[in-house]
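The next block holds one structure in the form of structure tokens; read it before the comments.
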Amino acid sequence: MDAIRFILLMTGCLAIYFLPTFCGMKKRNAGAIFALNLLLGWTLVGWVVSLVWALTVEAPTHPHPTCGMCGAPLRLTDRFCPSCAVPIAW
Ligand SMILES: [Zn+2]
């Protein structure tokens, strides 16, 4: 019985310890969050930092814009497509 309670307690502690890793699993730098969580999570500061990092909203990746008509690559300063001259609505 004591062994079962010990295993349950350890499982709960590990789940709480790696909470930042679970929260940040979908992030681009999930590996870095995991490393910080694993290596510095035992310091309360490292754990809090990794949790905050995991919960921080990422800036959306900005894919290269392309013309909706012909697919030509656009610069953000273009008002008309350089390939097919369609007006660009940014
Ligand atoms: Zn175009």
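This one's a predicted model, so the numbers in the text were calculated from it and none came from an experiment. Ligands are counted one by one from 1 in listed order, and the atoms in each one are counted from 1 as well.
Two residues are said to be in side-chain contact when any heavy atoms from C-beta on lie closer than 4.5 Å; Cys84 and Cys67 meet this criterion. Under the 4.5 Å side-chain criterion, counting only non-hydrogen atoms from C-beta, Ser50 is not in contact with Leu40.
Between Leu74 and Pro82 the shortest heavy-atom distance is CD2-CD, 3.5 Å.
Rounding to the nearest 0.5 Å places CG of Leu36 at 8.0 Å from OG1 of Thr43.
Tyr17 and Met10 are assigned to two separate hydrophobic clusters, defined by single-linkage of ILVMFWY side chains at heavy-atom distances under 4.5 Å.
Protein contacts to the Zn ion (ligand 1) involving N, O or S atoms at a distance below 2.8 Å are Cys67 SG, Cys70 SG, Cys81 SG, Cys84 SG.
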Could you walk me through whether Trp47 and Asn37 satisfy the side-chain contact (heavy atoms from CB on, under 4.5 Å) test, starting with their C-alpha distance in whole Å, then the side-chain angles of each, then the deciding distance to 0.1 Å, before giving a yes or no? CA-CA 6 Å; Trp47 189 86; Asn37 188 189; 3.9 Å; yes

